[in-house]
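Single-structure report; data block below.
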Amino acid sequence: MEYFETNDGARLPKVGLGTVYVKGTQGVASTLSAINNGYRLLDTSTNYNNEGMVGEAVRQSSVPREELIISSKLPGEAHDYDKAILMIQESLYRTGLDYFDKYLIHWPLPRIDKYAEAWQALVDAQKFGLIKTIGVSNFLEEHLDRIIEETGVTPATNQIERHPYFNNNELIRANKERGIITEGWSPFGRDKLDVLGIDLLKDIGKKYGKTAAQVVLRWNVQNDVLTVAKAASPQHQKANLDIFDFSLTDEEIEKINTLDKGEPGRVEGQHPNEYEEFD
């Protein structure tokens with residue numbers, strides 16, 4: 001595994017496990033399998049309704065707690081400062097953990113315009129010892145600049161939609177300019193987009209003896225993007241980590257970048273200035 005170093009001193013693996021839609025006993029078994037296969041970053045969210053499952057997997061795992069990086073996210077209903085502090089505490093009770101290694105604001109929700117207040121809560125929760133590293137998710141440049149200006153604290157990471165049909169390269173550059181590590185969610189675009197069926201990705205994969213999924217993950221790594229990828233089966237879990245023994249050429253990266261469709265390429269049309277996660 002290779003790692004990123006964040007602006008607040010955290011060390012994060014370049015590939016993490018996504019847990020959206022993964023729940024219950026089956027979810028615990030799948031997450032334990034991932035840990036046993038080498039995953040150390042587990043990404044959950046209050047809105048995934050599976051924080052308890054992730055916590056149970058941590059307790060059942062033979063890997064020491066300090067070697068695991070558990071990340072969760074603040075839901076839109078808790079952007080008020082006091083609600084945010086309580087939600088972080090409540091999420092810790094749900095997981096049965098003493099602290100989150102990483103915690104993000106899930107969406108900026110500019111219509112209710114409380115994301116700067118929510119960010120201050122994360123800043124303070126980090127000081128209280130509830131969180132080790134703090135970041136945001138789905139924040140655009142203007143959202144980042146506002147919270148940095150109002151609090152003096154720059155997010156460590158910004159988790160954004162990122163796949164070949166929506167590469168989000170401009171926002172990745174904006175994150176870099178501010179010293180923020182980009183995390184990519186939905187790297188395979190979800191089923192309706194059939195990213196893994198793209199001939200270009202499959203052809204590049206054949207050259208290296210890799211799958212289209214592995215090509216996508218390598219494309220992210222070479223663009224300094226930490227990728228959160230869902231993988232339920234042990235085979236896919238292992239494959240998603242087997243991407244550090246080859247490199248794409250600059251020409252191949254540019255060809256993948258040309259697949260971008262702009263706004264129509266979003267998996268569910270979730271523009272950060274419009275999407276309301278609590279609707």
Side-chain angles (χ1 to χ4, degrees), residues 1-4 12-22 30-31 34 37-45 48 69 71 73 102 104 106 135 137-139 157-173 175-176 180-202 204-205 208 210-233 235-244 246-248 252-270 272:
M1 179 59 69
E2 296 177 0
Y3 293 82
F4 289 112
L12 303 176
K14 292 186 177 181
V15 179
L17 181 74
T19 66
V20 63
Y21 309 129
V22 181
S30 176
T31 304
N37 282 322
Y39 287 85
R40 293 297 179 264
L41 171 57
L42 310 179
D43 182 83
T44 182
S45 169
Y48 296 172
I69 299 167
S71 179
K73 306 179 189 75
K102 188 162 73 67
L104 315 175
H106 205 158
S137 182
N138 303 299
F139 274 46
T157 62
N158 184 14
Q159 187 177 113
I160 61 176
E161 182 175 347
R162 159 81 171 174
H163 50 81
Y165 283 146
F166 188 74
N167 63 44
N168 230 340
N169 279 340
E170 290 185 12
L171 188 49
I172 291 172
R173 284 192 287 269
N175 288 334
K176 282 186 178 181
I180 300 169
I181 298 295
T182 298
E183 298 182 65
W185 59 263
S186 195
F188 309 134
R190 299 184 185 168
D191 293 342
K192 70 176 183 178
L193 292 179
D194 192 26
V195 165
L196 300 184
I198 297 173
D199 288 337
L200 172 64
L201 299 178
K202 292 191 290 187
I204 293 173
Y208 298 104
K210 300 293 182 179
T211 66
Q214 289 170 315
V215 170
V216 170
L217 294 173
R218 186 67 205 176
W219 170 67
N220 273 337
V221 165
Q222 288 184 226
N223 282 277
D224 296 324
V225 175
L226 187 167
T227 308
V228 174
K230 180 185 173 186
S233 74
Q235 293 79 10
H236 287 157
Q237 290 168 358
K238 292 176 182 177
N240 286 353
L241 295 183
D242 187 23
I243 61 167
F244 297 103
F246 77 107
S247 293
L248 301 174
E252 287 165 342
I253 289 174
E254 285 307 310
K255 284 182 178 179
I256 295 171
N257 286 343
T258 64
L259 296 170
D260 181 69
K261 296 182 178 181
E263 286 300 316
R266 289 185 185 273
V267 292
E268 293 178 357
Q270 296 170 327

Worksheet, complete the sentence: Here the pair of heavy atoms bringing Gly197 nearest to Lys202 is O-CE, 3.6 Å

Worksheet item: Side chains of Val215 and Glu252: closer than 4.5 Å at any heavy-atom pair?
Response: no

Worksheet item: Quick one: CG on Asn169 to CG on Asn257, what's the gap to the nearest 0.5 Å?
Response: 5.0 Å

Worksheet item: Taking atom types as modelled and ignoring hydrogens, do the side chains of Ser45 and Lys73 form a donor-acceptor contact shorter than 3.5 angstrom?
Response: no

Item to complete: Indicate yes or no: at least one non-hydrogen side-chain atom of Val216 is less than 4.5 angstrom from one of Phe188.
Response: yes

Worksheet item: Is it true that the side chains of Gln159 and Asp43 contain a donor and an acceptor less than 3.5 Å apart?
Response: yes

Item to complete: List for me each residue that meets side chain to side chain contact (heavy atoms under 4.5 Å, CB included) alongside Phe246, sequence neighbours excluded, and say none if there are none.
Response: Tyr208, Lys210, Arg218, Ile243, Leu248

Discussion item. Quick check for you: to the nearest 0.5 Å, what is the distance between Arg173 atom CZ and Asn175 atom CG?
Written reply: 11.0 Å

Response to the item:
Here the gap from Asn223 atom CG to Thr182 atom OG1, rounded to the nearest 0.5 Å, amounts to 9.5 Å

Worksheet item: Residues two or more places apart in sequence or in another chain: which of them pass side chain to side chain contact (heavy atoms under 4.5 Å, CB included) with Lys255?
Response: Leu200, Glu251

Fill in: Pairwise distance CD(Gln222) to CD1(Ile256) - rounded to 0.5 angstrom
9.0 Å

Discussion item. Going by salt bridge (Lys or Arg N to Asp or Glu O under 4.0 Å), name the residues that satisfy it together with Lys176, two or more places apart in sequence or in a different chain.
Written reply: Asp224

Practice prompt. Could you tell me which residues satisfy side chain to side chain contact (heavy atoms under 4.5 Å, CB included) with Glu2, sequence neighbours excluded, listed by chain and number?
Written response: Lys14, Val221, Phe244

Worksheet item: Does Arg162 use its side chain to pair, donor to acceptor, with the backbone of Asn167 at less than 3.5 Å?
Response: yes

Worksheet entry | Closest approach of Ser71 to Leu104 (non-hydrogen atoms, all atoms of both residues) | OG-CG, 4.4 Å

Worksheet item: Between the side chain of Ser30 and the main-chain N/O of Ala232, is any donor-acceptor distance below 3.5 Å?
Response: yes

Response to the item:
Glu170 meets the salt bridge (Lys or Arg N to Asp or Glu O under 4.0 Å) criterion, sequence neighbours left out, with none

Worksheet item: Backbone N or O of Ala239 within a donor-acceptor pair of the Gln214 side chain at under 3.5 Å?
Response: yes

Worksheet entry | Residue from Ile204, Ile253, Leu201 passing side chain to side chain contact (heavy atoms under 4.5 Å, CB included) with Trp219 | Ile253

Item to complete: With rounding to the nearest 0.5 Å, note down the distance linking OG1 in Thr157 to CD1 in Ile181.
Response: 8.5 Å

Discussion item. If you apply the rule side-chain contact (heavy atoms from CB on, under 4.5 Å), what do you find for Ile172 with Ile160, and how did you get there?
Written reply: CA-CA 9 Å; Ile172 291 172; Ile160 61 176; 4.1 Å; yes

Worksheet entry | Gly184 versus Val225, closest heavy-atom pair with distance | N-CG1, 3.6 Å

Worksheet entry | Where Ala34 and Leu17 come nearest, the two heavy atoms and their spacing | CB-CD2, 3.5 Å

Worksheet item: Hey, what's the ring geometry for His163 with Tyr165, parallel, tilted or perpendicular (30° and 60° as the breaks)?
Response: perpendicular

Fill in: Side-chain heavy-atom pair Val15, Tyr39 within 4.5 angstrom cut-off
yes

Worksheet entry | Validation row: Val267, Trp185 side chains within 4.5 angstrom (heavy atoms) | yes

Response to the item:
Those residues at least two apart in sequence (or on a different chain) that pass side chain to side chain contact (heavy atoms under 4.5 Å, CB included) with Ile69 are Leu12, Pro13, Leu41, Asp101

Worksheet item: Do Tyr48 and His106 have side-chain heavy atoms sitting under 4.5 Å apart?
Response: yes

Item to complete: For Asn240 and Ala231, work out which heavy atoms get closest and say how close.
Response: ND2-CB, 3.5 Å

Worksheet item: Could you give the distance from CE (Met1) to CZ (Arg40), rounded to the nearest 0.5 Å?
Response: 9.0 Å

Worksheet item: Under the 3.5 angstrom rule, does the side chain of Ser233 hit a backbone N or O of His236 as a donor-acceptor pair?
Response: yes

